[in-house]
Amino acid sequence: MDDLNKIAHKWQKKWAEKKLFEAKPDKKKEKFFMTVPYPYISGSLHIGHARVVTEADVYTRFQRMLGKNVLYPMAFHISGTPVLGISLAIEARDEKTIKLYKGYVKQYEKDDKKVEKIMKSFQDPKKIVEFFIPKMINEFKTLGLSVDWRRSYTSGDIEHQALVEWQFKEYQKKGYLVQGNYPILFSKTLNNAVGEDDIKEGDTDPVDIQEFTLIKFKIDDSYLMAATLRPETMYGQTNMWIHPDVNYVKAEVDGENWIISQECAEKLKYQNKKVKEIKKINGKDLLGKFCFAPFVERKILILPSVHCDPNIGTGIVTSVPSDAPFDYIALRELQNSEHMCEKYGLNWEEVKKIELIPIIKSKGYGDFPAVEICKKLGIKTLEQHDKIAKATQEIYKVGFHTGIMIDTCGPYKGKKVEDAKEGMKKQLLKEKRADILYETSRPALSRDGGEVIVATLDKQWFLDFNAKGWKPKAMKLLKNLELWPEKYRKQFEDVFDWLDKRPCARKRGLGTKIPFDQEWIIESLSDSTIYMSLYPINHIIRKHKIKKEQLTSEFFNYIFDSKGKPADVEKKTKISKKILEEMNKEWNYWYPFDQRHTFTAHLSNHLSFMIFAHASAFKEKYWPKRVSFHGMVMSEGDKMSKSKGNVITLVDVNEKFGADSFRAFMCNSTSVESSFNWESDKVLIMKKHLVILYETLKKIQSHKGKSDDYKKYTSFVSKTERAIKNAKKSLEEMNLRDYSTLVLYGMHNNYRQLLNKGLSGKELQSINDYVGNKWATMLMPLVPHLAEELWSTDKKNKGFVSTQEWPKHNEKLISEKAEYQDDIVDNLRADIISVLHLAKLKQAKKLELFIPEEWKYAFFKKLKQQMEKTRNIGEIIKACMVKGHEKDVGKMVPMLVKNPSRMPKIVISQKEELKALEESKTFIEKEFKTKVVIIQAEKSKEHKAKQAMPGKPAILVA
RNA sequence: GCGGGAGUGCCGGAGUGGUCAAACGGGCUAGGUUGAGGGCCUAGUGGCUUAGUGCCUGCGAGGGUUCGAACCCCUUCUCCCGCACCA
């Protein structure tokens, strides 16, 4: 541990002792309520978590400096399946999980026996939460956050559960909840729904749910059920495919006789179908028969093909050779082989008669895309399985996005494939000529090795964002919501348009049960949309040990909406009137939150739901005020991941880099809305810079003396006052990058430049007295620990810098002229160096500096004015003409208009320029170790003297 | 595919119609300071040219609008993010 860390821990302890960040309502002060997403419990916190809370902290600390009463709270999210998954994995002795979590536990617990005991306790998910939350709080504290930790809770705590129950009862009343069918991934062995985490390789090769349309083809007393992902191609059907060697079944499904594969019959049982197998049917026995096809409305021939997979769909495929490469190749093989036809007892002539039907016109393809692509890729036989799959994908993609149905497609003629697909599917379903089957996108196994299939839930709960009146309200909220940066508004609007029904409950996981349907647990995104409303009151609930049964709807309606008389609510809830009123008051004081700082990726889910939920739950005056976005977090140029080994935890930050270094590096390395890339070596460079800054300021703070000497250094003072002003402006806009650049580098460079001027001891003390506290205070939001230490170094200072106000700047002391006069000297210095270099002189014997003739100053001033108005050279020459210098003016104007960069920033007078140079004469003489003579051009015959321009003295070296 | 965003030195990134494109930081080179190292100080870091502070090139590519474009418009290429039940 080094000095910076000692300092950090020292002040963190002091802040906690003094309860510095515990917020209390104060009617006299304007309040500011900041929120960030509560982190999910999953082992160690890392810099991804740290970004959002730190940025919010910098901004929050600044708000305090503006005299506002600030609330910055935090809670923890435990809902959903991951924690449960960890628990189950540990119970099942999954070695990877055990190793990982043992690693985490060992960070805090060195005794092996205790580690084992803790690990064993993790079979109960609650214990995982209980173990990690205090650790997480401690880790967050090492960042120096100004959080009021009294108000923390988890989404599993009673207050939160009661709140969510209230929210869902309200949804139910308003008709925002609906029930319906919904397909989910399901493990046969676990007899339960499974998520990505529960599926083998589910994270690297995700499993999707595909929707097959099962189309009924009448044959005798039954339907031959063909499965397709492309119902829009039905106008191109030419025949039916059956695998000759597969055993199909005839089964009674919801009262109809279906012919499907054995495997399919099994799956249908999980998808709300009553399935009763009647008999087995050999594939061969169906060949050569006819079945009746919809859309083409005629009988088609049943032919053999080995590309029918009984594991996919129904194992029966209707053939569209114009657009499906598999069908095309299979058909061609059969048509070219009398032998095969004979083998299956088919009439070869009849098979040969089958012709392709064109149906879709896609970009870059003619009537028969399947034929074209097979030719292009050189596909000749069904054995080229991979190539055919690739061709199918290509045709599907191009057809879906660019295809238009042609005139063979009846009423669907001219429609986009995208629309025809939906239209034809709907039509078939409506006419009861089709059904739906869900399939996994690939064969999948759950972690225990059981088969994963798709099951449908028939009473799945959905949030209906299109329920009457909800969306317009959310839109209104959005309209009044400030967005930083504003450019995300359009994306929000698009998301709102597209939001429809969303499943909001699951059968497993941690969380809150739907109060009126206890089989369901409210899904983890839906249960965290209004949780910020607990922050204002949670510490009071805790203090009075109020029980969940007391947190009724009457309670929330009173707190949030002042509904009902406190006395009545007291009767109902057994919470005393006084406490109720206190909570109602405090809630009204803090709510709504003024800002939510969060990751851009949350826009389309969490943030959108948060807005809808607030629009539903609260009156307009409690709607959120502002959302600010931050960008991604990367580490050493890569996405952070365990496998890459580049995860930087908060323990790492605390031990190896320090909170202030992290804060300063993060804020300075990128703008808030851009990606933040952690680079360890750069962070260490920042740490070095902070040490230098610390040493500089330590000296400043301990060598002060009151006098007016500092006023002489007008440029330094001007730049300092300007920095106070600009840093504040940047902070107000949450432009943390510009702010940090100013306090870390701008102020530092300004001070260093001053030191070069060779000040006397007394002058320096005066400067230090002027700038020391200002600078230390300005550093506080960014590097609060360092700032506290520096603040306390000046023994006259009292209290904490964390509670100081932002220094006030004096506009009168900001002087462009003063800064410019300083710049002239700086530029002159640089010019002298370059002239010496050009003259190939190491050491000058004499330096002559020529100040331009007086008329040039007036001329430049006029020229500047004119150029504001016009760029017409003729006009400008006329307007700026100087008697006696017609030739010079005629030459200079075109050159300067063409290249305005050669004009000085501001034009001062000859007298002022002379004064500036005279004042710095000693300084220049010292640096160049030679005598300096300053001459007005009017008084010299030297040819060089004529070249002098305002702001650019001519230089003659010898 | 749809929606959103972005392309600027060796690198991270400033600059969104005119007063130096590259502020600020990092890297590299040379010199100074220092017992050594670190740090610090100074200069250089697209090309050409120079007793002078100048010229040319240059903000992914191509075209356009304008007295003037990194910035506005059109075309094009490349990259990143989101696309729903996952926290």
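Letters A, B, ... are given to chains in the order of the sequence lines, protein chains preceding strands, and every chain is numbered from 1. Note that the structure is predicted; figures quoted are calculated from it, not measured. Values below: all heavy atoms of this structure, side chains included; hydrogens, waters and symmetry mates excluded.
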>> By the rule that syn is within 90° of 0, classify the base conformation of B:G9 as syn or anti.
In response: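 Judged by the O4'-C1' to base torsion, B:G9 sits in syn, the angle falling within 90° of 0.
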> Do the side-chain N and O atoms of A:Thr456 and A:Asn181 include a donor-acceptor pair separated by under 3.5 angstrom?
Replying inline: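 The answer is no; no qualifying pair exists.
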> Taking atom types as modelled and ignoring hydrogens, do the side chains of A:Asn466 and A:Lys471 form a donor-acceptor contact shorter than 3.5 angstrom?
Replying inline: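 Result is yes, a qualifying pair exists.
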Using the [atom1] atom in both, what is the distance from [N] to [M], to the nearest Å?
N	M	atom1	value
B:G9	B:G47	P	15 Å
B:G7	B:C72	P	10 Å
B:U19	B:G1	P	40 Å
B:U42	B:C24	P	13 Å
B:C81	B:C71	C1'	24 Å
B:G63	B:A69	P	14 Å
B:G4	B:C59	C1'	23 Å
B:C56	B:A21	C1'	15 Å

In whole angstrom, what separates [X]'s [atom1] from [N]'s [atom2]?
X	N	atom1	atom2	answer
A:Asp738	B:G15	CG	C1'	11 Å
A:His748	B:G39	NE2	C1'	11 Å
A:Met634	B:C81	CE	P	10 Å
A:Leu755	B:U33	CG	P	20 Å
A:Asn605	B:C85	CG	P	11 Å
A:Tyr182	B:C86	OH	P	7 Å
A:Ile41	B:C86	CD1	P	20 Å
A:Phe629	B:C80	CZ	P	22 Å

>> Are A:Phe629 and A:Tyr488, when compared by the centres of their aromatic rings, separated by less than 6.0 Å?
In response: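 For A:Phe629 and A:Tyr488, the ring centres are under 6.0 Å apart.
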> Does the separation of the ring centres of A:Trp470 and A:Tyr171 fall below 6.0 angstrom?
Replying inline: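 Yes, the ring centres sit under 6.0 Å apart.
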Residue [X], side-chain atoms from C-beta onward, closest of [options]:
X	options	answer
A:Tyr745	B:G26, B:C24, B:A87	B:C24
A:Lys688	B:C83, B:G39, B:C81	B:G39
A:Lys682	B:C24, B:G26, B:A87	B:G26
A:Trp498	B:A84, B:C85, B:C24	B:A84
A:Ile692	B:A87, B:A23, B:G39	B:G39

How is [X] classified with respect to the nucleic acid when contacts are heavy atoms under 4.0 Å: base, sugar-phosphate, or nothing?
X	answer
A:Ile955	base
A:Ser671	sugar-phosphate
A:His606	nothing
A:Leu742	nothing
A:Asn749	sugar-phosphate
A:Ser528	nothing
A:Tyr488	nothing

> With nearest nucleotides of RNA chain B determined for A:Arg752 and A:Thr741 from heavy-atom distances, which residue corresponds to the more 5′ nucleotide?
Replying inline: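 Per heavy-atom nearest nucleotide, the more 5' residue is A:Thr741.
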>> Between A:Pro503 and A:Glu679, which residue's closest nucleotide on RNA chain B lies nearer the 5′ terminus?
In response: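 Final value for this comparison: A:Glu679.
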Counting only Watson-Crick or G-U wobble pairs whose two distances fall under 3.5 Å, which nucleotide matches [N]?
N	answer
B:C83	B:G1
B:U78	B:A6
B:G27	B:U45
B:G39	B:U33

> Should we say atom NZ of A:Lys507 is surrounded by more than 12 heavy atoms from elsewhere, each under 6.0 Å from it?
Replying inline: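 Buried by this count: over 12 neighbours within 6.0 Å.
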> Is A:Ser528 reaching over with its side chain to a backbone N or O of A:Ser524, donor-acceptor style, under 3.5 angstrom?
Replying inline: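 Yes: the side chain of A:Ser528 pairs with the backbone of A:Ser524.
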> Does A:Lys459 reach the main-chain N or O of A:Gln179 with its side chain, forming a donor-acceptor pair under 3.5 Å?
Replying inline: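 A pair under 3.5 Å: no.
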Does [N] have its OP1 or OP2 closer than 4.0 Å to a side-chain nitrogen or oxygen of [X]?
X	N	answer
A:Ser669	B:G12	no
A:Arg489	B:G4	no
A:Thr81	B:A87	yes

>> Within this structure, what is the CG-CD1 distance for the pair A:Leu744 and A:Ile692, rounded to the nearest 0.5 Å?
In response: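 With rounding to 0.5 Å, CG (A:Leu744) is 11.5 Å from CD1 (A:Ile692).
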